[in-house]
Amino acid sequence: MSLEMQQVFKKTEGLTDKITHYCPGCTHGIIHRMVAEVLEEMDVLEETIGVASVGCSVLSYEYFNCDMTQAPHGRAPAVATGIKRVLPDRMVFTYQGDGDLASIGMGEIIHAAARGENITVIFINNAIYGMTGGQMAPTTLVGQKTTTTPDGRMANKQGSPIRMSEMLATLDSVAYIERVSTHDIKHLRSTKKAIQRAFETQKRELGFSMVEVLSTCPTNWGYDPVESLEWVKENMVPVYPLGVFKQMQGVE
Amino acid sequence: MGKMLMKGNEVLGEAAIHAGCKYFFGYPITPQNELVAYMARRLPEVGGAFVQAESEVAAINMVYGAASAGVRVMTSSSSPGISLMQEGISYMAGSELPAVICNMVRGGPGLGSIQPAQSDYFQAVKGGGHGDYRLPVLAPATLQEMVNLMGEAFDIADQYRTPVMILGDGMLGQMMEPVEFIDRPKRDLPPKDWATTGTRGDGAPRTITSLFLDPAELEKHNERLDAKFKKIAENEVRYETFLTDDAEVICVAYGTMARIVRNVVNKGRANGLKIGLIRPISLWPFPTKPFEDTLQHAKAYLSVEMSTGQMVEDVRLAVNGKKPVYFHGRAGGMVPTQEAIMKTIEEILGGVLV
């Protein structure tokens, strides 16, 4: 009896063989994979320069199979601006968490978007600081307990969550912004589509594109991986509604 | 091109372009604004790019990005702005990225004033950013020297993969002098095969980072950087001496201050006083040789600065207790006068100062 083996699924060329350091149930790995797949499918891996940020994704330069530069905390959009202005025909992306992008790097992201920098930002929102051990992020939900909001975030004390996609979408020079989620297969499919659209936007030189991805942090939330996906769906999606917030004409 | 009458800040811009710099990212701050405006106008003409950043923090990180893409890139600022850039400068030192940073110093600390000062000496030569690194610092005293040193600054940056600072002050930035942009011999520089430009079929992906989570690895990186800084200290010392061969009191001054002290030396010599000047051009590495060369006949050294006394510490280290070292300075944007400097020299010679 002969068994003919047929490969139906394989690792994307967009990722290295390095084993990631991410916690079990964290969706960084799956988002990495989708970014890498899109770059591979577009056949631009050799034209791409990624900018890694500070936080859990700090080591993403070891995982993406393309040239990578490590930026200081929050400054990835400025670093990407420098790269893109020098190499306008290359694909340049940043991969940033919520502490990096929405807190310390708020100035850099707003102004890169306002300038309409032709870069793509992959923004991972898990409503907490992961790498430093579960402190409040600007995206932490009201009532959510973290090590620095032990009684839960209170709007009148620690402020309310910042909706980056909505905020950046008000800027005229922004070409494309969509918020997606990783909590089930259906939403993962739309996440990949959004990532595709963002890189296509850059390829067409239409300007700034960003995909905000709702993500999990089982370790710091204190839930198991399955509960964490539930928590995204039940608690994060109502505060961070999914959808396209800006789509300039020509974005497909 | 011939000689042109130009303003100091604009000279820095044209000198950088002459040195092959086509990218500038900056943020306005007095007294160096003419440079930012000059680059905004000139860089598009030479096929480069200029971005007015939203802050000095963003500006230095744009420089970080452009440098990582393998081009010659510059930024400039003045004291409070340079403080904000220290994060990026430390990262660039750690990631070994070449760039030139101009600091046209003004009075401080804090918001200080917009008058010329030399009070950023410590910050420039003793660190400024976090971590174990050194920053090559070049201090021109004339606008023509700005032109000459700019090429050197970019060459040092590229040869050793390090950020390099041009340290001027508000007065040098605002004054006008005739300058000539002359081609200088270029160094044989290593290829920038480390730059992240997209692999383009050119082998394995490259990474630029300053992160070494394993302490043994970071120590190795620190030691490698240190070896590089030692090489810079051996090869990149620059200074000028003026009438030091028989001098009894040797003044030490750099930049704008050196111009004033030179006049003092000339006047003193006319009156029979044996005085001279050591002018460090590289502030780091600090020149020690002119001190060794003059220790035999010098009775004392006098550091003259537009600060409350910063370089004087390096002068003391260079003299190493073998002769007395005195200090004369003004702070806050005030400039020492020739008369006051001369009075201090006369007091040293007369044995009034001990």
Side-chain angles (χ1 to χ4, degrees), chain A residues 13-16 18 21 39 44-54 58-94 104-115 117 119 131, chain B residues 22-25 27 43-44 47-73 75 84-92 94-95 97 99 129-130 194-213:
Chain A
E13 287 297 314
L15 293 177
T16 64
K18 186 113 184 164
H21 69 287
L39 293 172
V44 292
L45 270 173
E46 295 190 340
E47 305 293 317
T48 298
I49 302 132
V51 182
S53 56
V54 171
V58 70
L59 291 173
S60 61
Y61 58 76
E62 295 196 344
Y63 310 141
F64 287 111
N65 193 20
C66 61
D67 276 5
M68 294 287 292
T69 293
Q70 170 62 47
H73 203 182
R75 322 294 177 219
V79 172
T81 296
I83 297 171
K84 190 70 179 186
R85 293 293 179 124
V86 171
L87 304 167
D89 62 339
R90 311 293 207 280
M91 200 66 101
V92 178
F93 77 94
T94 73
I104 192 169
M106 181 63 100
E108 283 76 12
I109 192 65
I110 288 181
H111 288 276
R115 284 191 303 269
E117 290 295 340
I119 58 171
M131 182 60 102
Chain B
K22 292 202 291 184
Y23 301 92
F24 183 96
F25 306 90
Y27 186 78
L43 287 179
F50 163 89
V51 178
Q52 179 172 327
E54 62 270 27
S55 67
E56 288 89 348
V57 177
I60 193 70
N61 281 286
M62 290 175 189
V63 169
Y64 181 105
S68 72
V71 296
R72 288 196 157 181
V73 54
T75 188
L84 285 173
M85 288 184 179
Q86 292 302 336
E87 174 196 65
I89 295 172
S90 163
Y91 273 76
M92 293 182 79
S95 304
L97 290 177
H130 61 281
W194 46 264
T196 47
T197 54
T199 58
R200 311 204 125 189
D202 198 20
R206 292 152 295 205
T207 302
I208 287 170
T209 183
S210 56
L211 178 67
F212 299 86
L213 286 171

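Note on naming: letters A, B, ... go to the chains in the order of the sequence lines (proteins, then strands), and numbering restarts at 1 for each one.
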| remark: Residues pairing under salt bridge (Lys or Arg N to Asp or Glu O under 4.0 Å) where one sits in residues 66-78 of chain A, two or more places apart or in two chains, turn out to be A:D67-B:R206, A:R75-A:E108, A:R75-B:E87

| task | Please name the pair of heavy atoms, one in B:T196 and one in A:T69, separated by the smallest distance, quoted to 0.1 Å. | result | OG1-OG1, 2.9 Å

| How close do B:A58 and A:A78 get, heavy atom to heavy atom, and via which atoms? | O-CB, 3.6 Å

| query | If only atom types and distance count, is the side chain of B:Y64 paired as donor or acceptor with the main-chain N or O of A:G82 below 3.5 Å? | reply | no

| said: Distance check, rounded to the nearest 0.5 Å: B:T197 atom OG1 versus A:E47 atom CD? | reply: 9.5 Å

| query | Looking only at heavy atoms, which two atoms of B:L213 and A:L59 are closest? And how far apart? | reply | CD1-CD1, 4.1 Å

| field | Closest contact, heavy atoms only, B:P205 versus A:N65 | value | CG-OD1, 3.2 Å

| task | Determine the option with the most heavy-atom pairs under 4.5 angstrom with chain A, choosing from B:G201, B:G70, B:A53. | result | B:G201

| Heavy-atom contact with chain A under 4.5 Å, split by part of B:A195 | backbone

| query | Do you know which of B:N61, B:I60, B:L211, B:V51 has the most heavy-atom pairs with chain A at a distance under 4.5 angstrom? | reply | B:N61

| said: Heavy-atom cut-off 4.5 Å, strictly under: side chain, backbone, both or neither for A:T48 against chain B? | reply: backbone

| task | Using non-hydrogen atoms and a 4.5 Å limit, figure out which bit of B:A49 sits close to chain A: side chain, backbone, both or neither. | result | side chain

| From A:E62 CD over to B:T207 OG1, what is the distance, rounded to the nearest 0.5 angstrom? | 7.5 Å

| Interchain contact, B:F24 with chain A, by part (heavy-atom threshold 4.5 Å) | neither

| field | Proximity breakdown for B:S68 and chain A, heavy-atom pairs closer than 4.5 Å | value | side chain

| message | Using the salt bridge (charged side-chain N to carboxylate O under 4.0 Å, His left out) criterion, which residues pair with A:R115? Sequence neighbours excluded. | response | A:E117, B:E54

| Looking only at heavy atoms, what is the nearest atom pair of B:F50 and A:R85, with distance? | O-NH1, 4.1 Å

| task | Please look at A:R90 and chain B and tell me whether the side chain, the backbone, both or neither of the residue comes under 4.5 angstrom of a heavy atom of that chain. | result | side chain

